[in-house]
2 protein chains.
Amino acid sequence: MQSFTIENYLKKIYHLTQRENKPVQTNAIADGMNTSAASVTDMIKKLSAKKLVNYTKYQGVTLTEEGNKKAINIIRKHRLWEVFLVNTLHFKWDEVHEIADQLEHVKSDVLIDRLEKHLNYPITDPHGDLIPDKNGLFKDVNFKPLNLLHQNQEATIVGVSEHSSSFLKRLEELNLIIGQKITFINVVDFDNSIEIKILDNQINISKEIAKNILITI
Amino acid sequence: MQSFTIENYLKKIYHLTQRENKPVQTNAIADGMNTSAASVTDMIKKLSAKKLVNYTKYQGVTLTEEGNKKAINIIRKHRLWEVFLVNTLHFKWDEVHEIADQLEHVKSDVLIDRLEKHLNYPITDPHGDLIPDKNGLFKDVNFKPLNLLHQNQEATIVGVSEHSSSFLKRLEELNLIIGQKITFINVVDFDNSIEIKILDNQINISKEIAKNILITI
DNA sequence: ATATTTTTTTAGATTTGTCTAAAAAAATAT
DNA sequence: ATATTTTTTTAGACAAATCTAAAAAAATAT
């Protein structure tokens with residue numbers, strides 16, 4: 001009986017160490033995985049014994065080079081499956097995460113190669129997240145959160161940094177979808193919400209929404 | 001941590017009770033699953049507690065109606081994924097079994113619906129095995145083994161009843177592929193091998209090969 | 001009908017991943 | 001600098017799925 005536990009831990013640790021480049025705490029992993037801190041400690045010891053994480057007691061963990069490689073490979077598979085679900089099977093972008101969480105664990109390198117070819121070597125998944133190549137390398141791109149734009153700057157939406165279904169559905173309602181062009185107007189002092197122009201209308205979006213939308217200029 | 005163990009047992013019991021409609025023995029399951037008889041006994045008790053199999057000590061098992069339904073659903077998923085692998089990703093028919101064994105456990109009814117639609121509602125998988133519909137019903141067809149044909153009878157190959165890669169590869173070498181028309185000539189007394197006409201050539205195939213080829217007249 | 005062989009089950013142990021409760025260490029506050 | 005709070009680890013237990021070895025039942029052979 002094989003299990004996906006190790007792969008899920010590696011993926012979670014990867015994501016938690018990405019934004020800030022420092023060890024992730026036991027509790028943060030436990031929260032993110034719906035498990036107890038004690039279980040995380042147990043599992044971390046196993047991962048450490050397998051040389052997939054660097055671990056010193058009470059100091060949190062980082063991925064080793066090998067752990068990182070494995071994590072990126074899972075993310076590659078997850079994102080390619082998401083593209084498949086949206087492009088080939090016509091799912092919506094807010095419907096694919098849970099299914100891809102299962103598909104990402106299927107073991108077959110040739111399957112992923114063929115899938116990638118079938119999808120025409122996509123660079124990003126349906127949320128604009130970069131898909132690493134076979135060697136784990138990400139294309140170098142210049143994405144930043146919408147809230148960092150300056151007055152009257154034009155930009156194109158290329159991704160999101162939050163994947164909850166409720167967030168994605170809201171974006172669709174506002175036409176804030178990938179490929180959409182927008183113009184930054186200004187920040188409203190009172191609540192830090194943001195005025196933008198989109199499809200010739202001016203709309204207001206909260207800071208929470210704005211900072212989770214990725215754009216390129 | 002979820003596991004596919006129960007699904008794999010159900011599938012195996014389904015296949016082992018199919019050909020002969022009587023209880024399957026503990027040892028037969030153990031052989032087919034690469035495990036020990038003791039483990040099978042343990043697992044059977046669990047399946048019985050869940051009302052998925054009918055079990056009386058020393059008497060072997062059969063599937064309950066519910067167990068049967070679950071088994072057929074797994075087989076449906078397995079076969080649809082095989083069609084996907086061959087038709088969409090261009091795998092060969094002898095390369096898909098192991099991958100489909102993983103994909104069949106992905107849980108999402110809507111995924112299977114969309115996959116089925118994408119594949120244009122196929123009736124059989126790449127080996128000619130029938131794909132049950134959503135309600136677990138198989139289309140009623142008239143397939144039988146090639147060795148049961150009579151002299152000079154013409155027939156079309158529609159499937160195989162053995163799925164090993166070595167068998168399938170051998171069939172390809174002999175052009176014995178699905179859709180191929182053949183004419184039965186005669187049985188050779190000495191070794192029960194069979195003479196057939198195929199693509200204007202007469203060839204000889206062993207009884208072992210012949211009985212694992214399914215034809216329709 | 002009894003002995004032998006085969007099949008199945010039980011008993012007891014192991015591994016994986018999890019848990020709760022308590023102890024220990026680190027971080028924070030006074 | 002000490003007390004308090006938070007975080008992490010340890011200890012001990014549990015469920016799932018497996019194993020080997022031994023016992024029990026069923027099937028087969030003489």
Side-chain angles (χ1 to χ4, degrees), chain A residues 1-17 19-20 22-63 67 70-71 74 101-102 104-105 107, chain B residues 1-17 19-20 22-63 67 70-71 74 101-102 104-105 107:
Chain A
M1 187 208 59
Q2 26 108 69
S3 133
F4 306 146
T5 313
I6 289 180
E7 291 186 355
N8 285 332
Y9 268 90
L10 292 178
K11 188 173 58 147
K12 181 56 73 178
I13 296 168
Y14 177 87
H15 285 307
L16 290 172
T17 50
R19 38 191 72 199
E20 305 178 67
K22 56 175 186 179
V24 61
Q25 299 189 113
T26 306
N27 262 353
I29 300 172
D31 287 356
M33 303 200 59
N34 241 322
T35 190
S36 70
S39 303
V40 174
T41 301
D42 287 347
M43 180 53 71
I44 279 170
K45 284 184 194 165
K46 284 175 206 169
L47 295 177
S48 181
K50 286 180 196 287
K51 301 212 187 295
L52 296 170
V53 298
N54 305 113
Y55 171 57
T56 28
K57 267 192 195 177
Y58 297 99
Q59 300 308 124
V61 287
T62 55
L63 292 173
K70 281 192 198 285
I74 300 156
D101 268 348
Q102 298 181 64
E104 72 189 9
H105 300 295
K107 274 154 203 64
Chain B
M1 187 208 61
Q2 29 108 64
S3 133
F4 306 146
T5 312
I6 289 180
E7 292 187 355
N8 284 332
Y9 268 89
L10 293 177
K11 188 172 59 148
K12 181 54 75 179
I13 295 167
Y14 177 87
H15 284 306
L16 290 172
T17 49
R19 38 191 73 200
E20 306 178 67
K22 55 176 187 180
V24 61
Q25 299 188 112
T26 307
N27 262 353
I29 300 172
D31 287 356
M33 302 200 60
N34 242 322
T35 188
S36 70
S39 304
V40 174
T41 300
D42 287 347
M43 181 51 73
I44 279 171
K45 285 184 193 164
K46 284 176 206 167
L47 295 178
S48 180
K50 286 181 197 288
K51 302 215 188 292
L52 296 170
V53 298
N54 306 113
Y55 170 58
T56 28
K57 266 194 195 176
Y58 296 100
Q59 301 307 125
V61 287
T62 55
L63 293 173
K70 280 193 198 287
I74 299 156
D101 267 348
Q102 299 181 63
E104 72 189 9
H105 300 294
K107 274 154 202 63

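Everything numeric in this text was worked out from a predicted model, so none of it was measured. Quick note on labels: first sequence line is chain A, next is B, and so on, each numbered from 1.
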*Looking at A:Y58, does any N or O in its side chain come under 4.0 Å of the phosphate oxygens OP1/OP2 on D:dT10?*
no
*Could you check which nucleotide pairs with D:dT30 in any of the strands shown, counting Watson-Crick or G-U wobble with both distances under 3.5 Å?*
C:dA1
*Without swapping roles, check the side chain of B:K51 against the backbone of B:A49 for a donor-acceptor pair under 3.5 Å.*
no
*Nearest-Å distance for atom pair OH/C1', residues B:Y55 and C:dT7*: 12 Å
*Looking at A:K57, does any N or O in its side chain come under 4.0 Å of the phosphate oxygens OP1/OP2 on C:dA24?*
no
*Nearest to the side chain of B:A38, which nucleotide is it out of D:dA25, D:dT20, D:dT10?*
D:dT20
*Residue-phosphate contact under 4.0 Å: B:S39 side-chain N/O, D:dC19 OP1/OP2*: yes
*Would you indicate, yes or no, if D:dA16 has its OP1 or OP2 atom less than 4.0 angstrom from a side-chain nitrogen or oxygen of B:T5?*
no
*Given D:dT18, is OP1 or OP2 found less than 4.0 Å from the side-chain N or O atoms of B:Y9?*
yes
_Length of the NZ-P vector between B:K45 and C:dA11, whole Å_ = 8 Å
*In whole angstroms, how far is the C1' atom of D:dT18 from the CG atom of B:L47?*
14 Å
*Which nucleotide sits closest to the side chain of B:A37: D:dT9, D:dC19, C:dT9?*
C:dT9
*Report the distance from atom CZ of B:F4 to atom C1' of D:dT18, rounded to the nearest whole Å.*
18 Å
*Find the distance between CD (B:E7) and NZ (B:K107) and round it off to the nearest 0.5 Å.*
4.0 Å
*OP1 or OP2 of C:dT18 less than 4.0 angstrom from a side-chain nitrogen or oxygen of A:S36, does that happen here?*
no
*Does A:T35 or A:Q59 map to a spot on DNA chain C nearer the 5' end, using the closest nucleotide for each?*
A:T35
*asked:* Closest approach to the side chain of A:T26, judged atom by atom: which nucleotide of C:dC19, C:dT9, D:dT9 is it?
replied: D:dT9
*Decide if atom NZ of B:K11 counts as having more than 12 heavy atoms of other residues, nucleotides or ligands within a radius under 6.0 Å.*
yes
*Would one find a side-chain N or O of A:K46 under 4.0 angstrom from OP1 or OP2 of C:dT15?*
no
*Of all the nucleotides listed (D:dT9, D:dT8, C:dT8), which has the minimum atom distance to the side chain of A:Q25?*
D:dT8
*Under 4.0 Å between a side-chain N or O of A:N27 and OP1 or OP2 of D:dT8?*
yes
*Paired with C:dT14: which nucleotide, if any, by Watson-Crick or G-U wobble criteria at under 3.5 Å for both distances?*
D:dA17
*Rounded to the nearest 0.5 Å, how far apart are CD of B:Q102 and CD of B:E104?*
9.5 Å
_Value in whole Å for how far the C1' atom of C:dT9 lies from CD1 of B:I44_ = 11 Å
_Inter-residue atom distance B:T17.OG1 - B:I29.CD1, 0.5 Å rounding_ = 9.0 Å
*How long is the gap from CG on A:N54 to CG on A:L47, to the nearest 0.5 Å?*
11.0 Å
_Only pairs with both distances under 3.5 Å count, Watson-Crick or wobble alike; so what is the partner of D:dA24 in this structure?_
C:dT7
*With respect to the side chain of B:M43, which nucleotide from D:dA17, D:dT9, C:dT9 is positioned closest?*
D:dA17
